[in-house]
Every structure is written in C-alpha cells, then in structure tokens.
A.B. asks: 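Have a look at this one.
In what follows, every chain begins at residue 1, and chains take the letters A, B, ... in the order their sequences are listed.
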Amino acid sequence: MAMAHVPSAEEERASRRIPTSRYYIVWIALLALTAITILVARMHLGHGFGLVVALLIAITKGSLVALFFMHLWDHGGANRLVLVTSLFFLCLLLGITLLDNASRFPLTNPPNTETLRWSPPGPDILSPGVGAHGTSSRHEPPREHAPQEQQ
Amino acid sequence: MSPSPATIPPSTEVPLFNERNYLNDKAGVWSWLTTVDHKRIGVMYLVLTTIAFALGGLFAMLIRIELLTPGPTIMSAATYNRMFTLHGVIMIFLFMIPAIPNIFGNFFLPIMIGARDVAFPRLNLASVYIYLLGAGVALYGMIHGGADTGWTFYVPYSTTTATKVVPILLGAFILGMSSIVTGINFIATVHTLRAPGLGWMKLPLFVWSIYATAIIQVLATPVLGITLLLVAVEAGLGFGIFDPARGGDPILFQHLFWFYSHPAVYIMILPAMAVISEVVCTFARKNMFGYKAVAFSSLGIAFVGFFTWGHHLFTSGQSTLDAGVFGVLSMFVGIFTAIKVFNWTATLYKGSVAFRTPFAYFCGFLFFLVFGGMTGIALATVSLDVHWQDTYFVVAHFHFIMVGGTIMAYLAALHYWWPKMFGRTYPEGWGLVSAVLIILGFNATFIPQFLLGNMGMPRRYYSYPPEFWPLNVASTAGSTLLAFGFGIILIYLLISLKHGALAGPNPWHSRGFEWITLSPPPADNFGPVNPVYIHQPHDYQHPEPGPVPAPGPEVPHAS
Amino acid sequence: MNELMRRMLFLPEQGTSYAADVDHLHFFVISVTMLAAAGVAITALWFFVRYRRRSEREATPRVEPTALHEVIFVGVPLGLFLLWFAIGFTQFVRLKTPPRDAMDVYVQGKKWMWKFAYPGGPNGADVLKVPAGRPVRLLMTSQDVIHSFFVPAFRLKQDVLPGRYAETWFEAKAPGRYPIFCAEYCGLGHSAMLGEVEVLPQADFDAWVAQARASTVAHAQDMGTERIDVRASLVEQGRTLAAEYGCLKCHSVDGTPHIGPTWLDLYRKKERLIDGSTIVADEAYLTESMMDPGARIVAGYKNVMPTFQGKIPGPEIAAILEFIKSLRSDAVRTEPSKGPVYVPVPGYDPAKH
Amino acid sequence: MRAEARVAAEAHLAHHFPNLEQQAHAARLGMWLFLATEILLFGGLFVAYGVYRFLYADTFKAASTLIETHWGALNTVVLISSSLTVALAHHEAEHGSMKKAGLLLLVSVAAGAVFLGVKSIEYGHHFHEGHLPGRFYTYAGLQAPGASMFWTLYFLMTGLHGLHVIIGMGVLGLFGVLCLRGKFNEGYSTPVELGGLYWHLVDLIWIFLFPLFYLI
C-alpha cells in the first residue's frame, strides 16, 4: 500500500474515462456464454465432464462480471486481494470437506448403496422400531435407507 | 523519541488531567446513545461485556458448585445442561469475541494510527446496537427455557431438543453480524486512515494483531452465520439439511461449524497477544525483539488458523486422510505462537523491567499461554486426541487459553490503559493482590481438570463416578478464589473512577503511540493538530524527552 | 518409569497394547510441554531479576534478533511438533485399521444406553463382553443423536452417528472390567449413559456365548408366543409394551411436545385440564386416561386418543405405568445398570448361523 | 471536475478523512469486505451442495431434470442485463448525468421484479408438484435417498438469493430516486457505486446457481 492519504496509481486509473462500449461488449459476451452453457448441457457430455465445463463457463462469466462490471480491472490492490482471499478460503472449505467425504470409512457416509449392503448379521437390535424409546417423535423413522429393511 | 516531531516548544504545558475530554464533551444519556465517537463506543462495550462476563461467571460458579458432589447437588440435570450452554454462549459470543477488539481496539486503534475516528463511525455505533439486539434475542431464549445443546449446537441433538434453541441460534447469528461489522471497520481503518509517516512497518504491534483478528472475523463469521441459520431452519421447519433420516450428514455440520469456530479461537487470543505486545514493551522499556517476526506471525496465525478446523473431528468419523492433513497443518499454527512467546521473552533481555500489575498479568499470560498452547499441540497430535477428545482435558486446555490467555491479557489491558481511558490510576497494591489471587485460583481450578481429563471424565457431565470426586472439589475450590479476585478488581476500579490518583498523560513513561495524547483523550483524539509519525513504536533509544510531549504542530500532508 | 508417569498423570490402567504406546507419546509430549512452560517462565523471571528497573529514567539498548534467532525459534518447536505428529498419526492409522481376523461386535448407542450384538447372537445392553487377547472390531451406529463410545482404559473413543456406521477396534490385554462413558453430549442422561467392557479369558467367553445361545433356543421354546420377556424389569416391559401398543407414536418420552402430553416427568405432575381445573397425574388418572381418554383432557390437547379398554391386560397396564413413573428428568443413574444384562433373542435360532 | 461540483461534494466529506478520494477508497474497501462475507455466507450453502451432490450424484441429476431450464435461462438473461444497466448507471453518475443514472437504476429494479416474478412461477409449480424440502417432500416420481435434499438446497439457495434480490431492489430503488432528486453529484456518487457492487454480486451468485441447479 502506498501512503494512506495519497491517491494511489490505481485510483488515478479508475478515475479516467472508461468508454461505455466496454460494458456492452461484456454484456454480449455474458449472453453468448449463457447460450453456450445451455447448449453444452443439452449435449449430455459425460457425468463429470459436463459439470466441469459448466463450472468453467460459470467461472469465466463470474470473472467478467467481477473484472469489468465491478471494476476490479481498474481498482485492484486491496479490493482484488479481498475477493481472492474469500474465494481461496471458500475453495479450502469445499476442498477439504469433499476430501473427507471421498476418503472416509465408506459406511460413515450417509446411506448409499454401499451402506445398505452392510446390514448386521444375526438378530436385529439396530432397527429403530425395536426400541422405540429414543426415536424423535418429530421425524419418521429413517425409511429411505434403514439398513435392515433392505435385507 | 516519540511520534512527534523534534520541534516541540519546550514551554508546552501538559495538564495532569484533561478537563475537557471525550467523556464530558457532550452531556446526557442521549449523547451516549447516539455517539459515533470510537472511544465512547469502546467504553459502552466495556460496560456491556462486563455485564456479560459477570453473568457468564455466575453460571460458571453454579456449574462448579453443582459438580462439588458426584450426584445431584443444587440443580437438576435439565438445569445443569442449560447452565453450561449459557455459560459457553455468553462467554464466547458476548464476552470473549467482542471484549478486547471492541473495547481496546475501538478505543486505541484509531489513536495509535493517528486517526480521529474509525473509517465508518456510524457503522461502529450500529455494531453496538446489533450486539444489544443479539444479546436481547439470546436473552429472550434464555428466559423462555434456554437451550441445552452446549455452545457447539451439534446436530442432530440441537434440531431435536425440545428447548428454545432457535432464539439462541438467532442471537448468536446476530452477534456474528456485530463482529463482522467491527472487523470490516478495523480493516478499512488500518488501510485508509494511517496518519502521515505511518507506514505498515511502523504500525504498533497491537494494530497488527487487531488487524489480523479483523481478517478472521470477516472471513470466518459468515460461515458460522449460515451454519446456525441452517440449524435454525431445520429445527424450526424440518428441512432436513443435516437430518440423517433424510440423507443429511451431521459431520458436514461439524465441518462448517469448526471452520468458523476454530479460527474463532484466534479471534479470542490474537487481541490478547496484541495487548501483551504493548505491555511487554512498555514495562521492559524496550522495542520489541523481532518486530517483523511478531507482526507477521499475527498474519500467519490468521492465515494458518483457517487450515486446522478438522482437528476437532478426529473421533467424529472424519476420514483418516483428513485427520492426517489437519494433524500436520495444526502443527504449523503453533509455530507462530512460539515465535511470539520467544520474542516477548527476549524483549526483556537488557531491558529495564518494572513490576506493575499489567506486568504481573503478562507473567501469568506467558506461562499459561505456553502451557495451554502446548497442550493444544498435544491435543492435535492425532492419537493422543482419541483419549482426550471431549474430556475435561479439552475443557482445561481451552480455559488455559481463554482464561489464562485472553482474560489475563484483558486484565493487563484494563490496568495498563485505565489511566489513559479515565485519567486516574488504580491502586497498585490491590492490583497485585488480585493478580496473585487470580493466577493462583486459576491454577487451582484448571490443573485438576487436566488430570480429570486424563482419568477419562467426559465434559458436560452432570453426575460422575465417585473416583472423579476429589479433583472436582479442588477445581471448585480454585474457582472460588478466582471469583474473589475478579470481585476485588471490579470494586477498586469502580472506586478509582472517582477517587483514583490523577495519572497524567503517560504514567508508564511509555513510547507507545497512544500515550502522546492527553488523559483522558479529547473528543477529537489529538486536539487541533494532527500527529506525525517519525519513529517506530516503543523506540526508547533517544534521550528521555521529559514529560510526554504534546502533539506537535501540524505538518502539511506530505510523504 | 511408565507406571510412575501414569500414576502421576492420573491415567487409568493400560488395557490395550495401543494404550501403552499412546501413553509413551503422551509422557514425551507432556514432559516437553512442562519443560517449555517452566523454561519460558524461568527465563522471564531471570530477565526480570537481572534487568529490573533501577531508576525511572533508565535508557535501554536496542536489541534486534539475528536471522539465527528466528531460525531457532521456528526450527526447534517445529521439529518437535512434526515428530509428534509423525508418531501420533502412525498410531492413529493403527487404531483406524482393524486386523482382518478381528471379531465383529455391533454397537448401538441410544438415549441413554449402549446395546451390543454379536453376529449369531446373543445381544444385550450395557455390558460388552469380549475375549482377552483377540482383536475386536466394533461397528457402531446410533439410534437417535450422536453419542461417543469412550473406554478410557483402552485410550479408545469413536463417535457414534445416526443413520450410518463408524468403526474402531481394540485388543484387550487382560481380563477385567473397564468402564464405558458416552463422551458426546446427548441430553439429560448423558452422564448416566454408562456401560462396562468385561474382558474374559477366551475359554470363559466361548462358554458364555455357547450358554447364551443355548438358552436362546430354550427360551424361544419355553415362551411360545409370549411377546414379553417376563424376566425383564417391569419398567423394561413397560417400555416394550408402550412401543408395541403405539403409545409412543403420540407421547414422547424426552419432553418433546407431540400429539399427546409427553411422558417425561408426567407422573405426579399438576396438569391443567381443558375445563380449567387442575389434577395431579397419579396412577388413577393415568389408568383412567388409558381406559377412557376423553374423560379428562389436558389443556392444549385434542381428544384423539382411542380407548384401550379391554385391549390391555392388567399386568401390562401396571408395566406401562411403571415405565411412565420411571421417566424422570432428574433420575440419573451413576452406575451401570445391574439388571438382566443379556436377554436372549426370542425366536432366534443359532443353528442357522 | 467542475469547481462547484467539488464544493457540493465536499459537503459529504466526514471529519476524519483527509479528502474525498480517500473516503471513497475506504467505502469501496469496506463494501468489498462486506461482499467477501456474502460470498462466504453463500459459501456454506455451496459446500453443502458440493457434499450432497457428491453423495447423491445420480439423484441430483435426476432431480435437476424436474426444473425447467428455460425459466432459469430467462432469469439469467434478465439478471445479466440488469447488471449492465447498473454498470451504466454508475458510469453516468460518475460523469454527472444524474437523470440518466436514476432512470437506469429504476430499470434495473424493474428487471429484479421480473426475475422475482419468474421465480414465483417456478416456485408455484414446485409447490404444486410436491418438489419440496425435507419433510414436505411428496413427489412420488422420484423416491431415492437424497431426493428431498436436492429441493432443500434448491429452496435454501434460491431463497437466500431471492432475499438478496429483494434487498438489492430496495437499495437500487432508493439510490435511483435520490439520483433523480439530485442528492448526488459528479464528485460524490459513491452510494451508487456501492449499491451497484452489491447488485453485481447478486448477479454473480446467480451465474453459479444457474448451472448447478438447472443444467447439471
């Protein structure tokens, strides 16, 4: 940061006249990208691939909005840092949490087909119906996925 | 020499007590309720957080009395569960998080950087009212039955309990907004309102730490906000976002919750480190040994603090791989604290050390922080945590950091800056007596809890097997001493407001930047002239300039 | 040395080989912690004594650290911390990886008890019997909220989550009895959710299992179509019956408001009726409410309960009443239950397994 | 800048700032910090979406076909265009054309209203079909683990976004009216800029919500 009270170079740059045509160009680009992402979705690419393409297009669109409509292209400095930092920590939270779900003991993930296969052998003490004592009255028993019902 | 130019007229008379100050500049209750003066807002926070602290302390004492015997002592299990929830919620959201940043940060951060107010004064006032609103909503919940979930609000317990958990959640959410507003204000202030000559590498270390705290407040608190809202929505409407019966994942809640609540620990301890950095320099009469290391370690804690939340989940069902990732990252956050501890200690080397009450608290702080911090490292050592997780060891560890760290620093700050804030000194004798009482009482309260944790006593236990009895009695006895200590402080500080000796502008002969102005400071902080900064803070190498110079003549904006 | 440190730190006995290894790391870490805290405190104290202020106008030299200082300040603790992590994580991976030959036991936590089931029977509550010297894998789930299965003597803890399984394992060294605590806060009875691991010599364990399975068959033959295990306490019978008759569909037992008044703390409670009068919910009123529910309705509730006149035999009414009477929010056990621990499963035929 | 505009703008200078540029810089930084908190507020929901999508990938794919893409596409176009008008309004305000700026802001508010109208049509359809969160989920066509979770996330995320649209409309409407009344001038149009930043963020979040719920 430059000395606090002196308008920085970025501010000087920000105050010079920006042609309105720039906004229109960005707008057209955003519309075009929207059309492309819809078309790509119609093409039914592979499961993961479609997601990646859609997110890449969304990130491109988001960057256009942030850079030109929100003037990060002209301002920068601390403002850019703030945005980048917040996105960084968001990715961190998302990344490590997903890593956890992907790598934990498989039965510790919420019921999926894998869990359903792991119903306990022998007498069933684990079904919620048997000891109705603690079942919360506000929720129905976990019908969608109770392991023992899949035997 | 201090941050005033060398051209002070020698005839400058500095009054011992600044008659026309921020306290009496405008009169009347209304002028307080609508004030945008950062100093008055700091004082308002001082009053509010003291009330919260007294309430939280009362609950703590009731909890300790209940645990005096293995079975029921004075209350039912239902009441006990509400007590520890309220103790946690009040102490964390109403006291720990706002206390040092909102009282001393508000009061001294602008003064230290030569600003006449924070960047957004009206927003600053709004944060007080948001705080009051949040406290009010939480209080409504408390009066109408309270919540019995613990301050961690773990699902699915919190979404199925019959108690009034929704108002408490909303209260905590609103308090979070107050915290965010303060954080935004501090960051913008430090970026845009530093006085001429005050570059980043001349900022007082207090400002560095508060700045780092503000970064955490801004980036972490919103995640807590949305998490608490989701729990409230699920408890109130049954949307099932964390409900296992509908495919929800309770561990996801824990990830989101600790993504805030682990950095929140640093929201509580970084301001304490901020205070200690000032206190140690003043009472050792030395510049900080390794200024840059201490400054950047604050930012380091703020940054790495975001990478370690998963060490609260080692036994929760989180994956082994994640446990490893969080385990190793947690080790790095300890390093930054170690740097600070070593540098503070080294600052005393070749200093001129005066033993006053704030310095007594500094000594306590140093020991407790090392012990508490290293037990934190021990807890983050994955296999050890399996035994300690959710036992009294954890309780003792975070109380060592919170009480032994934050409250020691809070008391140090209170004594250190009391003369500046109110123009009068506290009685030194009583100060030392209560400091000794508190440090002894603190050890007696929490060291037995470490041992209880080792024995395997889980936390949040209303009753316990008889083998845990003797250590619980010791802990309760210690907490009584602690309560006495706090009581004494409250009494003598209140008395000193009227009857204390006049302090003068710089009773400690400190070269910290906040001491250049009068005591108590005038409403616009510096009078007619703006301060100009030439030296680093705590620069004691120049010849003693006599009584503290009044702010020098205005220097035209240039750099 | 090991024994001395363990006693000094108030640690419980080391019931597994894993526990001993964890304790050694514990001693290492805690010793360094105490040394560091004492070291910093003593250094500070020495500096204070050596450099105490002698006059109010003392000048001090400016002392700046060299790069070496900061490298030492960072390097020494970081080296120690990473060493601890390396040892600790290796141990943790060991705890998380059950041996292939481990014996499985299913564990279910619920408010506020532990249930255990062995593949092939039997099952039961509160006491987990395992053979000594054999790895045991626990597959654990919860019926309601999160609990945490904690055996201090084994240095073992694992949260138990509803709707999914968690796993952990241990190998008990020697026969003995070790307490189980619930370490994750789960409500009113959290501190009473106690249990016990009973470690038996392998031969005793085998004999116990064989006997329990045999009595299951005998029991199934004896009991015929009898639904209720008459050897259970009246309260336990009442709990089962209440579930069976559907009482719990409308009455909660944990204080939650529902279609009917909660049973928690209901006995001897003063209730306001819809006609404005009050009544003490004693045995007579509770029985009347089962037989003729519409007679006296508690304020705030609708007359929707069907009558159970003639549908419940007398002894069963008594059992349900006993169950209601047992539901006290302040009735907290401080010991594991002493009741009939292993109830054989009626109708279960071990020959098939 | 013209001299009289400079004088008029000085009236907005707070006592503790040395000059207007500095004050605008602080306000902009404060706004960006606030936007960062908004990003992390939504971030919690995006993480929940990520986790549940990971766990119930097929169910989410099946559920997303129940949302009609054309409504989402229309709303995307509406929001992007309103972002353009807001950006233009800021541009005009900075160069002193307050009337134009005010009108452009009011156009943006109208676009926000269109967005909410379309959203309410969609919501009505989902209510009718029983595509509802958690315990309200009654749709018989898709019964699989995680099906109700998709709608929980859909309603929470679009609902929170809709709330932001409403707040944004209020803010832009207020500043639009103030522009028309001449409360701002060439030297001082910071509120218009900050309100615009808020609106762009609302747009930016929708840009991510649209593919996550409507396309994949």
Side-chain angles (χ1 to χ4, degrees), chain A residues 4-8 11 15 17-18 20 23-24 26-27 30-31 34-35 37-38 40-42 47 50-51 54-55 57-59 61-62 65-66 68-72 75 77-80 82-83 85-87 89-90 93-94 97-98 100-102 109-113 116 138-140 144-145, chain D residues 18-19 21-22 24-25 28-29 31-33 35-37 39-40 42-44 46-47 50-58 61 69 72-73 76-77 80-81 83-84 86-88 90-92 94-95 135 143-148 193 196-197 200-201 203-204 207-208 210-212 214-216:
Chain A
H5 63 289
V6 181
S8 60
E11 283 165 274
S15 61
R17 199 173 174 95
I18 299 160
T20 47
Y23 300 117
Y24 288 106
V26 171
W27 178 60
L30 288 173
L31 291 183
T34 308
T37 190
I38 293 170
V40 170
R42 291 269 158 88
H47 202 117
L51 179 71
L55 281 180
I57 294 177
I59 289 168
K61 286 163 76 182
V65 171
F68 298 109
F69 284 173
M70 299 169 96
H71 295 285
L72 278 189
H75 297 311
N79 298 343
R80 268 186 219 170
V82 169
L83 180 69
T85 314
S86 68
L87 291 176
F89 282 121
L90 179 56
L93 174 61
L94 184 65
T97 308
L98 274 178
D100 174 23
N101 280 84
N109 267 331
N112 50 30
T113 45
L116 302 180
R138 266 192 294 153
H139 301 290
E140 306 132 294
E144 289 165 12
H145 50 259
Chain D
N19 53 45
E21 284 73 27
Q22 195 62 20
H25 175 51
R28 203 178 297 123
L29 179 62
M31 192 65 200
W32 271 106
L33 288 165
L35 296 186
T37 69
I39 287 171
L40 283 155
F42 275 95
F46 277 106
V47 171
V51 166
Y52 291 129
R53 195 194 157 79
F54 173 78
L55 293 176
Y56 309 113
D58 297 331
K61 215 170 164 53
T69 310
T76 310
V77 172
I80 287 176
S81 307
S83 245
L84 172 72
V86 167
L88 289 174
H90 170 216
H91 182 85
E92 297 300 339
E94 242 183 5
H95 297 95
R135 66 190 168 108
Q143 285 288 351
S148 68
E193 183 184 356
L197 280 177
H200 294 312
L201 182 85
D203 181 26
L204 209 144
I207 283 175
F208 282 88
F210 172 62
L212 289 183
Y214 290 81
L215 296 183
I216 49 179

A.B. asks: Flag the pair A:Leu83 / D:Ile39 as yes when at least one side-chain heavy-atom distance between them is below 4.5 Å, and no otherwise.
C.D. replies: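 A side-chain contact exists here, since the closest heavy-atom pair is under 4.5 Å.
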A.B. asks: Got a second to check how far A:Thr20's OG1 is from D:Glu92's CD, nearest 0.5 Å?
C.D. replies: 7.5 Å
A.B. asks: Is D:Ser81 close to chain A through its backbone or its side chain, or both, or neither, when contacts mean heavy atoms under 4.5 Å?
C.D. replies: both
A.B. asks: Does any part of the side chain of A:Met70, heavy atoms only, come nearer than 4.5 Å to the side chain of D:Leu204, both counted from C-beta?
C.D. replies: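 With C-beta onward as the side chain, the pair touches.
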A.B. asks: Within a strict 4.5 Å, meaning less than it, do heavy atoms of the A:Lys61 and D:Thr76 side chains meet?
C.D. replies: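 When only atoms from C-beta onward are counted, D:Thr76 and A:Lys61 do touch, with a gap below 4.5 Å.
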A.B. asks: Where does A:Ala35 contact chain D at under 4.5 Å (heavy atoms): side chain, backbone, both or neither?
C.D. replies: neither
A.B. asks: For A:Ala58 and D:Ile207, work out which heavy atoms get closest and say how close.
C.D. replies: O-CG2, 3.6 Å
A.B. asks: Which pair of non-hydrogen atoms, one from A:Ile38 and one from D:Ala73, has the smallest distance, and what is that distance?
C.D. replies: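 In terms of heavy atoms, the two residues are closest at CD1-CB, 3.4 Å.
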A.B. asks: Using a 4.5 Å cut-off on heavy atoms from C-beta on, say whether the side chain of A:Phe69 contacts that of D:Val86.
C.D. replies: no
A.B. asks: Considering only heavy atoms, which portion of D:Leu212 lies under 4.5 Å from any heavy atom of chain A: side chain, backbone, both, or neither?
C.D. replies: side chain
A.B. asks: Are A:Leu72 and D:Trp32 close enough that some pair of their side-chain heavy atoms sits under 4.5 Å apart?
C.D. replies: yes
A.B. asks: Under 4.5 Å heavy-atom distance to chain D, tell me which part of A:Ile57 shows up: side chain, backbone, both or neither.
C.D. replies: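 Neither part, no heavy atoms under 4.5 Å.
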A.B. asks: For D:Tyr52, check side chain to side chain donor-acceptor pair (under 3.5 Å) against everything at least two apart and list the hits.
C.D. replies: none
A.B. asks: Taking atom types as modelled, find out whether D:His25 and A:His75 have a side-chain donor-acceptor pair closer than 3.5 angstrom.
C.D. replies: no
A.B. asks: Please look at D:Leu197 and chain A and tell me whether the side chain, the backbone, both or neither of the residue comes under 4.5 angstrom of a heavy atom of that chain.
C.D. replies: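 Both parts, backbone and side chain.
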A.B. asks: What heavy-atom pair brings A:Thr37 and D:Phe210 nearest, and what distance separates the two atoms?
C.D. replies: CG2-CE2, 4.2 Å
A.B. asks: With sequence neighbours excluded, tell me which residues meet salt bridge (Lys or Arg N to Asp or Glu O under 4.0 Å) with D:Glu193.
C.D. replies: D:Arg28
A.B. asks: Flag the one option from A:Leu87, A:Val65, A:Val40, A:Thr85 with the top tally of heavy-atom pairs under 4.5 Å to chain D.
C.D. replies: A:Val65
A.B. asks: Which one of A:Leu98, A:Asp100, A:Leu55 has the most heavy-atom pairs closer than 4.5 Å to chain D?
C.D. replies: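 Heavy-atom pairs under 4.5 Å are most numerous for A:Leu98.
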A.B. asks: Taking all heavy atoms of A:Val82 and all of D:Ala36, pick out the closest pair and write down the distance.
C.D. replies: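 For A:Val82 and D:Ala36, the tightest heavy-atom pair comes out as CG1-CB, 3.7 Å.
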A.B. asks: Out of A:Leu90, A:Asn79, A:Leu94, return the one with the most heavy atom pairs under 4.5 angstrom to chain D.
C.D. replies: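 Highest number of heavy-atom pairs under 4.5 Å: A:Asn79.
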A.B. asks: Under a 4.5 Å heavy-atom cutoff, which of D:Leu40, D:Thr69, D:Leu35 has the most pairs with chain A?
C.D. replies: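 The candidate making the most pairs under 4.5 Å is D:Leu40.
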A.B. asks: Measuring from atom CG of D:Leu88 to atom OH of A:Tyr23, what distance do you get when rounded to the nearest 0.5 angstrom?
C.D. replies: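 So the CG of D:Leu88 and the OH of A:Tyr23 are separated by 7.5 Å.
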A.B. asks: Given that the side chain runs from C-beta out, which part of D:Phe46 has a heavy atom under 4.5 Å from chain A: side chain, backbone, both or neither?
C.D. replies: backbone
A.B. asks: Could you tell me which portion of A:Tyr24 (side chain, backbone, both or neither) has an atom closer than 4.5 angstrom to a non-hydrogen atom of chain D?
C.D. replies: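 For A:Tyr24, the contact with chain D is made by backbone and side chain together.
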A.B. asks: Side chain from CB out, backbone as N, CA, C, O: work out which of these in D:Leu29 comes under 4.5 Å of a heavy atom of chain A, or both, or neither.
C.D. replies: both
